[in-house]
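These notes are about the structure you will find just below.
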Amino acid sequence: EEALMAQVAFHNSYKLKKGVSTEEFVRVVEQLNREYISKQRGYLSFELLVDGETWADITKFETKEDAEAFARCGTPNAFAQKFYSFINLNSCRSHLYTIEKTFK
């Protein structure tokens, strides 16, 4: 059953740096999610998406507060630093969405 409280999706899109191995990038993202993101308060799920050169990820949280706390988190940990080393930071866009309705 869906929780009554509004869930939130934190969406990021970005391009990888030239010459980055996509296989290695996916491994780094998987490790970042397993070791860090999935341990954050209110974490529900994480998806990695790609369309040509544009990559995106969507992390779902139970509440807006949980998502904002995650988005605000201070110094990037080692897993996040490795992730950031693969992406072109100038291409990075982030947005927080409230999930209005989930259809299954």
Side-chain angles (χ1 to χ4, degrees):
E1 290 299 303
E2 293 298 315
L4 292 175
M5 192 178 298
Q7 294 175 348
V8 171
F10 184 50
H11 173 268
N12 299 293
S13 65
Y14 39 83
K15 290 182 168 34
L16 301 184
K17 289 178 179 172
K18 297 281 181 245
V20 161
S21 152
T22 55
E23 292 79 9
E24 192 179 350
F25 175 67
V26 170
R27 267 199 309 278
V28 164
V29 171
E30 195 174 3
Q31 188 178 38
L32 171 63
N33 183 60
R34 185 178 61 243
E35 301 296 336
Y36 178 70
I37 300 173
S38 66
K39 296 178 178 175
Q40 300 310 298
R41 192 183 75 208
Y43 171 89
L44 294 171
S45 67
F46 180 91
E47 290 178 293
L48 182 64
L49 316 168
V50 65
D51 177 21
E53 292 185 0
T54 303
W55 290 76
D57 57 62
I58 299 173
T59 311
K60 292 181 183 169
F61 290 93
E62 288 176 7
T63 69
K64 189 167 193 237
E65 292 71 30
D66 292 339
E68 286 172 344
F70 170 74
R72 255 200 320 271
C73 78
T75 333
N77 58 75
F79 301 108
Q81 285 173 333
K82 180 84 170 151
F83 168 79
Y84 288 129
S85 76
F86 281 78
I87 69 173
N88 175 346
L89 292 175
N90 294 330
S91 69
C92 201
R93 301 285 174 269
S94 298
H95 197 87
L96 215 53
Y97 295 94
T98 298
I99 300 172
E100 186 67 28
K101 181 112 178 85
T102 299
F103 301 91
K104 295 191 174 163

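Starting from 1, each residue takes its place in the sequence as its number.
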Contacts of Glu30 that satisfy salt bridge (charged side-chain N to carboxylate O under 4.0 Å, His left out) - sequence neighbours left out: none
Sidechain-backbone polar pair: Glu24 side chain, Val20 backbone, donor-acceptor under 3.5 Å: no
Heavy-atom closest pair, residues Gly42 and Asp66: CA-OD2, 3.1 Å
Test item: Asp51 side-chain N/O and Thr54 main-chain N/O as donor-acceptor pair under 3.5 Å: no
Nearest heavy atoms of Phe79 and Asn77, plus distance in Å: N-OD1, 2.8 Å
Minimal non-hydrogen separation, His11 against Ile58, with atom names: CD2-CG1, 3.7 Å
Cluster link Tyr84 to Val26, ILVMFWY, side chain under 4.5 Å: yes
ILVMFWY cluster, Leu48 and Val50 together (side-chain gap under 4.5 Å): yes
From CA spacing to verdict: side chain to side chain contact (heavy atoms under 4.5 Å, CB included), Phe46, Lys60: CA-CA 6 Å; Phe46 180 91; Lys60 292 181 183 169; over 6 Å; no
Candidate pair Phe83 and Gln81, rule side chain to side chain contact (heavy atoms under 4.5 Å, CB included), full reasoning: CA-CA 5 Å; Phe83 168 79; Gln81 285 173 333; over 6 Å; no
Same apolar cluster: Leu96 and Tyr14, side chain cutoff 4.5 Å: yes
Expected output: side-chain Ser91 to main-chain Lys15 donor-acceptor under 3.5 Å: yes
Phe61 side, atom CZ; Ile37 side, atom CD1 - distance, nearest 0.5 Å: 7.0 Å
Closest approach of Leu16 to Ile87 (non-hydrogen atoms, all atoms of both residues): CD2-CG2, 3.8 Å
Leu32-Leu44 co-clustered via ILVMFWY side chain contacts under 4.5 Å: no
Plane angle bin for Phe70 and Phe10 - parallel if under 30°, tilted between 30 and 60°, otherwise perpendicular: perpendicular
Residue pair Thr102 / Lys104: nearest heavy atoms and the distance that separates them: CG2-CE, 3.9 Å
Gap separating the OH atom of Tyr97 from the CD1 atom of Ile99, nearest 0.5 angstrom: 12.0 Å
Closest heavy-atom pair and its distance - Arg34, Lys39: O-CE, 3.7 Å
Sequence-distant partners of Asn33, side-chain hydrogen bond (donor to acceptor under 3.5 Å, both in side chains), two or more places apart: Tyr43
Note: Glu68-Lys64 ion pair, threshold 4.0 Å (strictly below): yes
Check: Val28 main-chain N/O paired with Lys82 side-chain donor or acceptor under 3.5 Å: no
Atom pair NE2 (His95) and OG (Ser13), whose distance is rounded to the nearest 0.5 Å: 11.5 Å
